[in-house]
Amino acid sequence: MLSMVFAHDRAFAVEAITVPFDVPALDLTHAVELRANAGDRLQVSTAPGPDGIVRRIEVRSTQSGDTDWVVFALKNNSDEQIDRLIVAPFFRLAGSGVLAPDLGSSRIASISTSQGLAPERQANAEADVFLVTLDPRTVVTVVMELRSPRLPKLVLWEPDAYKDSVNAYTLFRGIILGISGLLALFLTILFVVKGSAMFPATAAMAWAVLAYLCIDFGFWDKLFRLQSGADQVYRAGAEVMLATTLVVFLYAYLNLNRWHVSYSHMVAAAVLVLLGLLGVAVVDPGIAAGVARVALGVLAVIGAGLIAWLAAHRYDRAIMLIPTWILLIAWLMAAGLTVSGGIDNDAVQPALAAGLVLIVMLIGFTVMQHAFAGGVVAQGATGETERRALALVGSGDMVWDWDVLRDHIWASPEVEDLLGVEPGTLESAARDWLEILHPKDRDPFRSTLDAVVEQRRGRVSVTFRLRARDGHFRWFKLRARPVIGSDGEVVRCVGTLLDETDIHNAEERLLHDAVHDNLTGLPNRELFFDRISSAIVRARAEGIGRPSIIIVDIDRFKNVNDSLGLSIGDSMLLTVARRLARQMKPQDTLARIDGDQFGVVVISENEPERIAAFADGIRRALKTPITLGDREVFLTTSIGVAIWDVASKKEDDLVKDAEIAMYHAKRLGGDRIEVFRPSLRQHAVDTLAIESDLRRALEREEIKVLFQPIIRLADESIAGFEALVRWDHPKRGRLGAGEFISIAERSGLIIPLGLLVLEKAARQLAAWQEEFGADLGIFTSVNVSSRQLLRHDLINDVKAVLSRVDVTRGTLKIEVTESLVMENPEYAAKVLERIKELGASLALDDFGTGYSSLAYLQRFPFDSIKIDQSFVRGASKEQPVLLRSIVSLAHDLGMDVIAEGAETRADVEMLMALGCECAQGFAYGEAMSGEEARRLLGRSMRTAAQ
């Protein structure tokens, strides 16, 4: 026979327990003997009575199989009969456990006594209650047959005392249930009124707490008459819903979906897991309740960390939830101590129930505080007027209100702050506003307001300038509409003011930059031609004066850039611009029309001799040496002059004549002035003829694209090709790019020519990739000119070609020279970024010919750089040092290096030693046709396969 003793040894368990007459309740929990799995019959030795006789009794089980029994004895030492209630509650939170907790059940199946009369079972929905009568001076041995192996509590109650205790807790429970029900109902109503996710989440949590309390207080059984054991399922389900609604509330209240979509996925997964426990609760309520209790503890910890992090980032909702969450953690700690047995008394369970209601109440107050403090705007309850007012506040626009009847204008204080004037300055009559308006804006402002008042309809949309305290003007845009009174007249005009100063300043800067040179600030070519046109129109209209055009070109300025660098060249151009400006008179116009070319529209002088003297003054001013540190640089210029006459048709002809004269001066050695005369046109015939032939060549497909191989130095395999343009002229033979590219750029033919070369190179590359496989990694490089880069044509051309020709991304490589990107670094960087996004790769050509690129190189999205051939050829001692520095710089920036001009084996070996990836030059072959390049690729692949 198995037996165990609760808290006392076996000898004590068989001793009779004295029942005092005046004690209302006696705890028997630890004074009884439990005999587990003792069979369906139990023989017990009774406690000795007053006569000292010990008897043996046998009790048979009402259940089949092994039965758990409890044995104890009660002794009445008084001379009066004592009636007592043996009470074993169905559920007791204290000591119920965390994992697989005891969720309650009927504990006692039957009771037998040594007297022979079984105690009478009393009707009770919350406990097993039996009435036992103890005669005077008697000892009664009690044998209880248990339904459950657990007996969490056994108390011997005086009947009236038990009734009073039940009634007292009934009142307490009624109050708690009433508060909880009203709170759940109120939060549900708040959800209907306020359209935000936090309100249904809070209401759901309140209803979950109410359901839990109804089950815990036995109210649920009174309503639905639950079957035996069903309360365990409902109790486990209620605990699961507590955890689930807490997750949903935390997610909705903290608005976690605004931080990252992964939070929504995590919460959805947690809710699905917890809801899945409802199904587990039907099969095994203990496991479901245990997981729910653990989940509540984990949620408290995660929620505390999340709230602390958000509060540290000054998130208002998290800050407002801190007190409630502290109380929740304290409640969970107390609940944890209770279920683990650390706290064991009858008051703890009702206290925890009251604490749970208090937590929900605080959560409800927090949500209401947030709602009615303006944190959430009701959806569906907002009127049109309120919605417009909120939109105005959200837009940040300033209010402008004109009371027409009182002729009083009111503007938001922000306007006065922007102008720096005293508060109240703008609160005045409409006529007083004319004093601070820009003179040019007064009439439009006055006429606009008058029109609205007179027509009694329409909208006001006017832009004007207001004078600030420092004398400057700020731009404002007024948008308003009239308010019509009952008499049909305009009583006020209300709208908004928007500060557009920054917008207008930006527009002015854009307009200035569109017609001015970025480096010198002088008018550019477009504005130069406009000034010429205006001067010609004036000369024709007035019949006096005749404008003259002077074109100034710096001789051999490219050598300055190559030897001293682009930054020094830019400084020298600024110096030239300042010297030229000092020669100008107010009527004249100075412009930068090309890289090292300046143009002058001379109106101040009319006589040819005076104009020639003026040009000679320019030549001598620019010939003065420019000091750079400890050295001096001498510049000379070639100057062409063209004087307008009535026979001249338009400004283009005048500029072309001046350019012809300038190029003639340059052909004669430079540093001289040439005045245009008709005989000079004969010298320009060749140039014009080439331009004309080039137009026809594009139509007749005389332009050919050849390919020069680029070799990988590691294994001397073919890495790619550079596309080179050639012109098979019908009379002059094959012309190199240097013989017609400059003419194409000046004439604008470079745009169709560049597109032609780009498309032919791309189609040839696509054919190679289709024949030999795209994974071969062969690329083709195409050079672009300044006219292509500095216009949007290049982006459109690359986009069009890549949409028509299927090449592997990154294998069509666009080459630009460093001097080209440095003409306008900011604009060039944006264009190159767009090209890179389209799927082309980028290479920086002629690297090392200037210094400016070293500072800007990391700002451009280049994939590789091409070292200029001047660094490869020659045998100077500094050559390897410079090449090593360039290669190291490129590798540090994550770029490949291609060296041009590899003509000998010694050049190749030097480049390999320096870590250069690729090279091109006569050492590996000259430019060849696409078919020859295809055969070369085939041989290379066969060699590699062997």
Side-chain angles (χ1 to χ4, degrees), residues 704-726 734 736-737 757-783 801-802 805-815 839-845 847 862-869 872-873 883 887 890-891 895-946:
K704 306 298 181 182
V705 178
L706 304 182
F707 301 90
Q708 185 175 26
I710 300 174
I711 306 300
R712 294 187 187 92
L713 294 178
D715 55 3
E716 296 196 338
S717 63
I718 298 176
F721 295 88
E722 179 179 1
L724 302 175
V725 62
R726 298 292 185 265
R734 174 161 288 186
V757 175
L758 186 63
E759 181 147 5
K760 283 190 174 183
R763 291 192 181 280
Q764 184 63 69
L765 175 62
W768 292 335
Q769 291 178 352
E770 183 178 358
E771 180 176 355
F772 299 108
D775 55 349
L776 187 61
I778 297 298
F779 64 85
T780 297
S781 299
V782 181
N783 281 283
V801 169
L802 291 179
V805 183
D806 184 19
V807 297
T808 304
R809 186 178 181 87
T811 56
L812 182 62
K813 184 170 296 192
I814 305 300
E815 290 188 9
S841 60
L842 299 170
L844 180 63
D845 197 10
F847 181 78
F862 290 114
D863 301 290
S864 57
I865 64 173
K866 299 187 72 172
I867 301 176
D868 188 67
Q869 58 185 358
V872 179
R873 297 173 180 172
L883 285 175
V887 172
H891 289 170
M895 302 178 188
D896 297 330
V897 180
I898 302 173
E900 295 181 300
E903 298 184 350
T904 64
R905 192 62 191 174
D907 295 338
V908 173
E909 292 175 355
M910 177 189 66
L911 294 173
M912 292 177 63
L914 294 175
C916 185
E917 284 83 5
C918 300
Q920 69 180 99
F922 295 150
Y924 293 111
E926 299 182 5
M928 59 189 71
S929 65
E931 178 60 26
E932 292 172 334
R934 186 191 69 79
R935 291 197 294 268
L936 180 62
L937 273 173
R939 290 195 301 271
S940 175
M941 291 186 65
R942 288 192 295 273
T943 302
Q946 295 174 357

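Here, residue 1 is the first one in the sequence, and each next residue gets the next number. In this text, all values refer to a predicted model and were calculated from it rather than measured experimentally.
- Between the OG atom in S717 and the CD1 atom in I711 there is a gap of 7.5 Å [rounded to 0.5 Å].
- What you find for C916 and V887 is that their closest heavy atoms are N-CG1, 4.4 Å.
- Contact record, P709 with M928: CD-CE, 3.9 Å, taken as the closest heavy-atom pair.
- Looking only at side-chain heavy atoms (C-beta outward), L937 and W768 come within less than 4.5 Å of each other.
- What you find for G810 and S841 is that their closest heavy atoms are O-OG, 2.9 Å.
- Counting heavy atoms from C-beta on, the side chains of I814 and L758 come closer than 4.5 Å.
- The minimum heavy-atom distance linking L713 with V908 is given by the pair CD2-CG1, 3.9 Å.
- Applying the ring pair (Phe, Tyr, Trp, His ring centres under 6.0 Å) test to F779 and every residue at least two apart in sequence or in another chain returns nothing.
- The closest side-chain donor-acceptor pair between Q769 and T811 falls under 3.5 angstrom.
- The main-chain N or O of D896 is never found under 3.5 Å from a side-chain atom of S864 such that the two would form a donor-acceptor pair.
- Heavy atoms only, all atoms of each residue included: D907 and G901 are closest at OD2-O, 3.9 Å.
- One N or O on the side chain of R712 and one on the backbone of I718 form a donor-acceptor pair closer than 3.5 Å.
- Qualifying side chain to side chain contact (heavy atoms under 4.5 Å, CB included) partners for E900, counting only residues two or more places apart in sequence or in other chains: E722, D845, D846, K866, Q869, Q920.
- Looking at E917 and M895, their side chains never come closer than 4.5 Å, going by heavy atoms from C-beta outward.
- Minimum heavy-atom separation, A762 to V805: O-CG1, 3.5 Å.
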